[in-house]
Every structure is written in C-alpha cells, then in structure tokens.
Novice: 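I am attaching a structure below and will ask some questions about it afterwards.
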Amino acid sequence: VQGRIWLCETKNYGGRLQCNAHGEWTVWYGKNPTAVPSPIQQARLQAIVLRRWLEANGYASLEVLPLVLVAPTASIDRRTIPDDVTIIK
C-alpha cells in the first residue's frame, strides 16, 4: 500500500501567531503576548508516533505529513516557519 496521510494538529488561536528564529511561538491578542507550545513540534511528534505505529503494523509504505490548522480569524507571521510543515487557516 502506498499513499499519504495528513496528520492534522488543530489550534483555535484567534490572535496573531508568530514564530521566532528559535522555533518559539507567541500568540498576540492586541498588545498582550502569550507564549504557546509549538504547533509544528506537536504535529511532528505526533507524525513520528503514527509513522512508528504504521511501520509496526505493516503499513511502512505510507507517508505521514504533518499539517497545522489554525482558526480562520488568526493571522500568521510566516517569515520563520519551516518549510517541512504546512499551516492552513
């Protein structure tokens, strides 16, 4: 079996999301910044777990791609986001 699986990590942040050069994430609600866990790192780790499970159960040919979904009301500063994870509003 060959194919792709999109592993979806969802976030309901309605503010402005920003990732710095160190991979640290902040959500801004007006002038108030709040540090948040990296949705990219969360999606990557979950993709690894799923990939290992698939390999252990005979589905090693399936590719697992991490995908981060954020609220449509959020704005995203994409300047420092890595290319290996897709983020969609």
Side-chain angles (χ1 to χ4, degrees):
V1 177
Q2 290 187 3
R4 290 185 175 150
I5 296 174
W6 290 92
L7 185 126
C8 299
E9 174 70 31
T10 60
K11 296 298 175 194
N12 192 28
Y13 300 128
R16 180 172 48 102
L17 281 169
Q18 185 176 30
C19 176
N20 68 19
H22 301 286
E24 300 163 336
W25 284 76
T26 304
V27 63
W28 295 79
Y29 293 105
K31 295 182 179 183
N32 300 319
T34 302
V36 294
S38 168
I40 290 177
Q41 187 63 20
Q42 291 173 338
R44 284 179 179 157
L45 291 174
Q46 291 179 20
I48 289 169
V49 170
L50 179 56
R51 191 173 300 116
R52 288 178 182 163
W53 185 90
L54 291 168
E55 289 171 358
N57 289 280
Y59 299 99
S61 62
L62 292 172
E63 180 181 16
V64 180
L65 304 168
L67 172 68
V68 176
L69 303 170
V70 297
T73 56
S75 64
I76 307 167
D77 182 347
R78 297 178 184 268
R79 290 176 286 181
T80 57
I81 294 176
D83 292 333
D84 66 329
V85 176
T86 302
I87 298 180
I88 298 175
K89 291 193 341 173

Novice: Mind checking the CD1-CG spacing from I81 to L17? Nearest 0.5 Å is all I need.
Specialist: 8.0 Å

Novice: Do I76 and I87 have side-chain heavy atoms sitting under 4.5 Å apart?
Specialist: yes

Novice: Please answer: with hydrophobic residues joined when any side-chain heavy atoms are less than 4.5 Å apart, are I48 and L7 in the same cluster?
Specialist: no

Novice: Measure the spacing between CH2 of W6 and CG of L65 and express it to the nearest 0.5 Å.
Specialist: 4.5 Å

Novice: Set out, in order, the CA-CA distance, both residues' side-chain angles and the distance that settles side chain to side chain donor-acceptor pair (under 3.5 Å) for W28 and Q18, then state yes or no.
Specialist: CA-CA 8 Å; W28 295 79; Q18 185 176 30; 3.1 Å; yes

Novice: Considering all heavy atoms of both residues, which atom of P33 and which atom of T26 are nearest to each other, and what is their separation?
Specialist: CB-CG2, 3.7 Å

Novice: Let me confirm one number: the OG1-CD1 distance from T86 to I40, rounded to the nearest 0.5 Å.
Specialist: 9.5 Å

Novice: Would you say that Q42 contacts P37 through its side chain, given a criterion of any heavy-atom pair below 4.5 Å between the two side chains?
Specialist: yes

Novice: What is the minimum heavy-atom distance between A74 and K89, and which atoms define it?
Specialist: O-NZ, 2.8 Å

Novice: Kindly say whether G30 contributes a backbone atom to a donor-acceptor pair with the side chain of R16 at under 3.5 angstrom?
Specialist: no

Novice: If every non-hydrogen atom of S38 is compared with every non-hydrogen atom of G23, which pair is closest and at what distance?
Specialist: CB-O, 4.0 Å

Novice: Among the clusters formed by ILVMFWY side chains lying less than 4.5 Å apart, do V27 and V68 turn up in the same one?
Specialist: yes

Novice: Roughly how far, to the nearest 0.5 Å, is CG of L62 from CD1 of I5?
Specialist: 4.5 Å

Novice: How far does CD of Q46 sit from CD of Q41, to the nearest 0.5 angstrom?
Specialist: 10.5 Å

Novice: Between the side chain of R51 and the main-chain N/O of V64, is any donor-acceptor distance below 3.5 Å?
Specialist: yes

Novice: Would you check if the side chain of K11 reaches a backbone N or O of P39 as a donor-acceptor pair within less than 3.5 Å?
Specialist: no

Novice: Ignoring hydrogens, what is the shortest heavy-atom contact between N12 and A71? Give both atom names and the distance.
Specialist: OD1-CB, 3.8 Å

Novice: Hydrophobic cluster membership, with links at side-chain heavy-atom distances under 4.5 Å among I/L/V/M/F/W/Y: are Y29 and V70 in one?
Specialist: yes

Novice: Is atom CZ of R79 surrounded by more than 12 heavy atoms (other residues, nucleotides or ligands) closer than 6.0 Å?
Specialist: no

Novice: Out of curiosity, T34 OG1 to Y13 OH, how far, rounded to the nearest 0.5 Å?
Specialist: 9.5 Å

